[in-house]
Amino acid sequence: MAFVNENFLKLQKSYLFVEIAKRVEEFQKENPDTEIIRMGIGDVTLPLPQVCIHAMKKAVEEMGDPSTFRGYGPEQGYEFLREKIAKYDFNDRGVDISKDEIFVSDGAKCDTGNFQELFSNDAKVAIPDPVYPVYLDTNVMAGRSGDLVDGRYSNIKYLDCTYENNFIPDLPDEKVDLIYLCFPNNPTGATITKEELKKWIDYARENKAIILYDAAYEAFITDPNIPHSIYEVEGAKEVAVEFRSFSKTAGFTGVRCAYTVVPKKCFAYTKDGEKVSLHELWLRRQSTKFNGVSYIVQRGAEAIYSEEGKRQVKELVDYYLENAKNIKSAMKEAGFICVGGDNSPYVWVKGEMNSWDLFDLILKKCGVVCTPGAGFGRCGEGYIRLSAFNFKENVKKAMDRIKNAKLK
Ligand code: PLP
């Protein structure tokens, strides 16, 4: 008899987007003339930068010519891309990461989801709340979560991110082995300083823990005091793995390209205390289960590091940041307390009512769709997330409606 992995049965049903769709559909039926504006989307809306289009077209031509055709690529990704990543994303910022420490992949979702496979099943895992759900769900699937009791898994150490701690969690009050951090954060838009990150690195070093640092929204950082990479902080290379993505940086959500940095100095341990290189384990894991990102896509990603590419990417990011600024100032004007939105495409809005009630209020009075914060975890209750991934005109219309509706 084929028994299933019963850990999958412990996963919480994902009602969030289904429930949003249901409520929006009902509202549209009752108000067929209202043009609904969707401000909940976590997907980009602007097309790819032209440099990427040109590079990918050229790569397609190469694939059609026997002298330049390529089959399977190198497991870690083509050197031409890893070299550019190392230089422009790290070395030029004073961070010593080599091209050999970079693993190109088809998404930060897969990488943040898969990396936990390298660790023992009884590793104690610390996960922020509210959170991008992939970290939690993949640990549930792997059997590390324990049972669900009153909406929380018994073996997970939840790191509460609240208004009181500026949405930067406190260090765990017990020993943990794996720590997920995400800055700039989805969903809160919070960022972290080097000083605050240093505390986590010190904790990880003292406890021989590993930090899994998701920097998928790094491109939105404009404040020079905010680190773009965890490796800007001393000591991080021994205890941290960093995930990056071209999805939000360059509109690659549908093209698929990302990378993970696993420094050669980063070690975990066997039960006997023997040091094991995470770099070697991840290489082994990837070369067993993954056959790389297409040549065409890697050429597209490489193009963003040219002078023109950097300019076009900045234009994309600035467009969304301008939206975020407008959302934040309009919501403040409407009387709401907001965080995020300055170095992030997300604005996190405090409601003084529960998340779904605020969702309904904004939908019914303004025809605007947001994402209820409660869908990201217990600490998201009472908040909504507004996304800057939209067209400028839609953002303006939505914010005018919210300001005029006198919701408060
Ligand atoms: N990490 C975070 C925090 C995200 O919000 C997302 C996408 O929404 C991802 C990773 C996924 O990125 P990718 O498109 O590279 O899989």
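The first residue of the sequence shown is numbered 1, and numbering continues consecutively from there. Note that ligands are numbered from 1 as they come in the structure, with each ligand's atoms numbered from 1 the same way.
Against a heavy-atom cut-off of under 4.0 Å, Cys182 is close to the following atoms of ligand 1: 3 (C). Close approach of ligand 1 to Gly107 is summarised as follows: ligand atoms under 4.0 Å from at least one heavy atom of the residue are 15 (O), 16 (O). The Lys248 neighbourhood of ligand 1 comprises atoms 7 (C), 8 (O), with distances under 4.0 Å to a heavy atom of that residue. With ligand atoms numbered from 1 in the order given, ligand 1 contributes 13 (P), 14 (O), 15 (O) to contacts under 4.0 Å with heavy atoms of Ser247.
Note: Tyr320 and Tyr346 fail the aromatic proximity criterion, with ring centroids not under 6.0 Å apart. For Tyr295 and Tyr78, the distance between ring centers is under 6.0 angstrom. For an aromatic pair to be called close, the ring centres must be under 6.0 Å apart, and Phe267 with His279 fails this.
Note: an N/O pair closer than 3.5 Å links Asn186 and ligand 1 by distance alone.
No more than 12 heavy atoms of other residues, nucleotides or ligands lie within 6.0 Å of NZ in Lys22, so this atom counts as exposed by the packing criterion. No more than 12 heavy atoms of other residues, nucleotides or ligands shown are found within 6.0 angstrom of NZ on Lys325.
Taking the six-membered ring for Trp and thresholds of 30 and 60 degrees, Phe115 and Phe119 have ring planes inclined between 30 and 60 degrees apart. Relative ring orientation between Phe246 and Tyr305 is described as perpendicular, the plane-to-plane angle rising above 60° on a 0-90° scale split at 30° and 60°.
Taking 4.0 Å as the cut-off, Thr253 does not count as a neighbour of ligand 1 on heavy-atom distance.
For atom 9 (C) of ligand 1, the closest non-hydrogen atom on the protein side is Tyr132 OH, 3.3 Å. Scanning the protein heavy atoms around atom 12 (O) of ligand 1, the nearest turns out to be Ala108 CB, 3.7 Å. Looking at atom 1 (N) of ligand 1, its nearest protein heavy atom turns out to be Asp214 OD2, 2.7 Å.
With a heavy-atom cut-off of 4.0 Å, Tyr217 touches ligand 1 through its side chain alone.
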